[in-house]
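To find a chain, count down the sequence lines: A is the first, B the second, and so on, and within it residues start at 1. Nothing here was measured: the structure is a model prediction, and the numbers come from that model.
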2 protein chains.
Amino acid sequence: MSSLRSIPTLDDVARAAGVSTATVSRCLNSPDRVIEKTRIKVMAAVEQLGYTPNFGARAMAAKRTFTIGAIIPTMENAIFARGLQAFQEALHARGYTLLVSSSGYKADVEAEQIRALVARGADGLLLIGRDRDPSIYEFLQHRSVATLIAWTFEKGSTQPSIGFDNHAAMKALATAVIGKGHQHIGLISGIIEGNDRAAGRYAGICDALRAHGLDATAMPIIETPYEVENGAAAFADMMQRTPRPTVVMCGNDVLAVGAMKRARDMGLRVPEDVSITGFDDIELARIVTPELTTMHVPHRDMGQRAGEELVNMLEGTSAGSVVELECALKLRASLGPPPA
Amino acid sequence: MSSLRSIPTLDDVARAAGVSTATVSRCLNSPDRVIEKTRIKVMAAVEQLGYTPNFGARAMAAKRTFTIGAIIPTMENAIFARGLQAFQEALHARGYTLLVSSSGYKADVEAEQIRALVARGADGLLLIGRDRDPSIYEFLQHRSVATLIAWTFEKGSTQPSIGFDNHAAMKALATAVIGKGHQHIGLISGIIEGNDRAAGRYAGICDALRAHGLDATAMPIIETPYEVENGAAAFADMMQRTPRPTVVMCGNDVLAVGAMKRARDMGLRVPEDVSITGFDDIELARIVTPELTTMHVPHRDMGQRAGEELVNMLEGTSAGSVVELECALKLRASLGPPPA
DNA sequence: TTGTAAGCGTTATCAC
DNA sequence: GTGATAACGCTTACAA
């Protein structure tokens, strides 16, 4: 019975094909270094026995796994989904496997997962954002794990990275908002501590305000984890402030959508009574009514290029570059002029 | 310089602590089998050297990895996110690590990923739905990888599984729809081939129709992958059919939301001109306007219990049970009576 | 309680 | 082109 047969090893295949284990290994890894006749014989044995290489053994002997790990802050909303999908596809096309973990925006969980992935032999890692305990980067370097930072770009950074300038992008969005005539902006931000993207976006708004002679320190700001419910709660809170903001800018679309929902529940019309903006331009942004003014982030492009870059780093084709991607302002119905 | 030091092994730790590798191994795996004094000495060395066990070697020697794999059809929308998050938390609490892959609803990709995860030593696997080439189950059994099927329940199934009755749930929803007076239902379904959940939901609607003396074979049906855009396109198509459906039931919330968006773009009011229903009750369902009538699936509960069950199976506490979870009808504004 | 040593299943370096 | 054989880093009887 097949279920009694134990798991076949290289040795079993070699025996069945009447060759050495070295030859079987070659057939699997560099088929061209083996004469066709032998190869066919070996492959038949592989097939017949249902052989699958043991990954641990292979990793140990080859010091290479063709596996790349990615740790994203969350899978619960779509922010990283698109980019990750594209990343995965790019890796797959180059023969690599992607393993994903999510940290729930918790630094210690992330550190643990980085170790887990490295211990499992990940050749490379995709990390989101740059704010991280330095010891982690030391560890990664020590283990010579190729590491690429995504979702953020910083001029003159030394870390290989691909992303966009969160600061500049949010500044552009805020500038557009101010251009509509708004003087009272309220900000619902993600948790800024340990999150350079959130920090950059916040700073971008302040910059825009200052550039227009407005007082950035007066801006009401609520920090809360990126969840719809939190956006809703923060919005309600924000509407109590004095002076009441005429526009609520949100750190991402998820918060913004929560804010819009609460506005609706509170009987406030968007944008007649209050304007709302997001960031990311995930699918959600065009599903809600009214459609959300937001900053488009090239998720797919970023993911795909991240995949290619990481593979290139692994294969020595690239030393790890720093690439900046462009965002695009999406002016939609949720932003209007301030109420008269 | 620390970056010149090579990666420490058990041997290095043993040498540094002045004990054997066996003792170090014991300190790490069964600390109580080692006298405190030695343990302290060893742990200090571990710490000082920054030692991390090599996973491949450990897996090979111990034939156990405390790793569980999950393969979900997609990460691009939130359908599986909630459940997976809860699953992950449950595993983490029991000391297991979760590795996730997504198959893009493609059977061959899934098969490949199953092999990849098993080769990496996954002790157990979480799979979505039961439709799958039998050889996969044979393979899994042969490798004695504990496997749990989620998101679906079938009475009398022999596979360990946890889920809900897609057929009964959709039948209940359809019954509610018919109860509102609808005679012309259009269905926008996910791809049914190879997807028992989609198939069950379809059959459930047919059942409900028949139970009310309506002709199920006359129901217009469009099959399309679960994406917002596809839901929108299918809806437009559906509105051309004669007789025009008074309600469009969708295979899940993602399709439904796409349909709602298109309805709005076409100038059709929901539910005055046409009703729309979904399935899953993901967050999205209550974000859209009007809120979506749908079937609530206990995602978190399912994920959490799946995690516990799988660990129990691994640790011999459970032989693998078949558990059914209840869904709950959510009647919201997107469903109304048919237009006069 | 601790040490010795035999695997675990590959890959890679040599010879042949 | 192919075959021995030595790593690779760890766990686990078995001995001491």
Side-chain angles (χ1 to χ4, degrees), chain A residues 5-43 45-46 49-67 115-116 118-121 123 142-144, chain B residues 5-43 45-46 49-67 115-116 118-121 123 142-144:
Chain A
R5 220 166 43 209
S6 77
I7 300 169
T9 70
L10 244 210
D11 222 77
D12 298 324
V13 178
R15 210 178 346 261
V19 299
S20 74
T21 60
T23 298
V24 179
S25 177
R26 279 188 209 102
C27 283
L28 266 24
N29 300 305
S30 32
D32 33 312
R33 298 190 47 199
V34 123
I35 205 169
E36 176 159 6
K37 203 176 117 193
T38 348
R39 200 182 349 166
I40 292 179
K41 203 167 52 181
V42 170
M43 287 321 213
V46 165
L49 266 51
Y51 167 79
T52 324
N54 176 308
F55 186 80
R58 175 179 278 198
M60 200 155 67
K63 301 179 172 319
R64 196 119 165 53
T65 62
F66 292 93
T67 297
R115 289 189 168 270
V118 170
R120 278 170 179 71
D123 296 332
H142 179 212
R143 300 301 251 249
S144 33
Chain B
R5 221 167 42 209
S6 78
I7 300 169
T9 69
L10 243 210
D11 223 77
D12 298 324
V13 177
R15 209 176 349 259
V19 299
S20 74
T21 61
T23 299
V24 179
S25 176
R26 281 189 207 103
C27 284
L28 266 24
N29 300 305
S30 32
D32 33 310
R33 298 192 47 201
V34 118
I35 205 170
E36 176 160 6
K37 201 176 118 192
T38 345
R39 201 183 346 163
I40 292 180
K41 203 168 51 180
V42 170
M43 288 321 212
V46 165
L49 266 51
Y51 167 78
T52 324
N54 176 308
F55 186 81
R58 176 181 278 205
M60 199 156 67
K63 301 179 172 318
R64 196 116 165 56
T65 62
F66 292 93
T67 297
R115 288 189 168 270
V118 170
R120 278 171 178 71
D123 296 333
H142 180 212
R143 301 298 254 249
S144 31

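Note on A/Thr52: only backbone sugar-phosphate atoms sit closer than 4.0 angstrom, heavy atoms only; bases stay farther off. Among the protein residues, B/Tyr51 comes within range of the sugar-phosphate backbone only, with heavy atoms under 4.0 Å from sugar or phosphate atoms but none that close to a base.
In the set D/dC10, C/dG9, D/dT2, the nucleotide with an atom closest to the side chain of B/Lys63 is C/dG9. Proximity note for B/Ala57 (side chain, C-beta onward) versus C/dG9, D/dG9, D/dT2: the nearest is D/dG9. Listed candidates were C/dT1, D/dG9, D/dT12. Nearest to the side chain of B/Asn54 is D/dG9. Relative to the side chain of A/Arg26, the nucleotides C/dT13, C/dG9, D/dT12 differ in distance, and C/dT13 lies closest. Between D/dC10, C/dT11, C/dT4, one nucleotide has an atom nearer to the side chain of A/Ala62 than all others, and that is C/dT11. Residue B/Val19 has its side chain nearest to C/dG3 when only D/dC10, C/dG3, D/dG3 are considered. When distances are taken from the side chain of B/Thr38 to each of C/dG7, C/dT2, D/dT2, the shortest belongs to C/dT2. Closest approach to the B/Ala61 side chain among D/dT12, D/dT2, D/dG9 is made by D/dG9 (side chain taken as heavy atoms from C-beta onward). The nucleotide whose nearest atom lies closest to any side-chain atom of A/Met60 is, among D/dT11, C/dT2, C/dG9, C/dG9.
OP1 or OP2 of D/dG3 lies within a sub-4.0 Å distance of a side-chain N or O belonging to A/Thr23. Residue B/Ser25 has no polar side-chain atom (N or O) positioned under 4.0 Å from OP1 or OP2 of D/dC10. Listed pair A/Arg58 / C/dG9 fails the phosphate criterion, with no side-chain N or O lying under 4.0 Å from OP1 or OP2. In this model, the phosphate group of C/dG9 is not approached by any side-chain N or O of A/Thr9 to a distance below 4.0 Å at OP1 or OP2.
Interatomic distance, CD of B/Glu36 versus SG of B/Cys27, reported as 11.0 Å (0.5 Å rounding).
Between the side chain of A/Arg39 and the base of D/dG1, no donor-acceptor pair under 3.5 Å is found.
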When you look at A/Val19 and A/Arg26, which way does the side-chain contact (heavy atoms from CB on, under 4.5 Å) test go after all the steps?
CA-CA 11 Å; A/Val19 299; A/Arg26 279 188 209 102; over 6 Å; no
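Closest-nucleotide positions on DNA chain C for A/Gly56 and B/Ser20 were compared, and the one nearer the 5' end corresponds to B/Ser20. Heavy-atom distances to DNA chain D give each of A/Gly18 and B/Ala22 a nearest nucleotide, and the one nearer the 5′ end belongs to A/Gly18. DNA chain C is contacted by both A/Thr21 and B/Val34; B/Val34 maps to the nucleotide lying nearer its 5′ end (nearest heavy atom per residue).
B/Asn54 and B/Ala57 get closest at one heavy-atom pair: OD1-N, 2.9 Å.
One can place CG of B/Leu49 at 14 Å from P of D/dG9, the figure rounded to the nearest angstrom. Computed from coordinates, the B/Phe55 CZ to C/dC8 C1' distance equals 14 Å when rounded to whole Å. For the pair A/Arg143 CZ and D/dG9 P, the computed distance is 10 Å after rounding to whole Å. Distance A/Leu10 CG to D/dT2 P: 16 Å, rounded to the nearest Å. Distance B/Asn29 CG to D/dG9 C1': 13 Å, rounded to the nearest Å. Remark: P of C/dG9 and CG of A/Leu28 are 16 Å apart, rounded to the nearest angstrom. Summarising the geometry, the separation between CZ on B/Arg33 and C1' on D/dT11 is reported as 11 Å, rounded to the nearest angstrom. Following rounding to the nearest Å, B/Asp11 (CG) and D/dG9 (C1') show an atom-to-atom distance of 9 Å.
A donor-acceptor contact closer than 3.5 angstrom links the side chains of A/Asp123 and A/Thr65. A donor atom on one side chain and an acceptor atom on the other are not found under 3.5 Å apart for B/Thr67 and B/Arg120.
Dense packing is recorded around CZ of A/Arg64, with more than 12 heavy atoms of other residues, nucleotides or ligands lying under 6.0 Å away.
Of the candidates A/Ile35, A/Val34, A/Val13, A/Val34 is the only one forming a side chain to side chain contact (heavy atoms under 4.5 Å, CB included) with A/Thr23.
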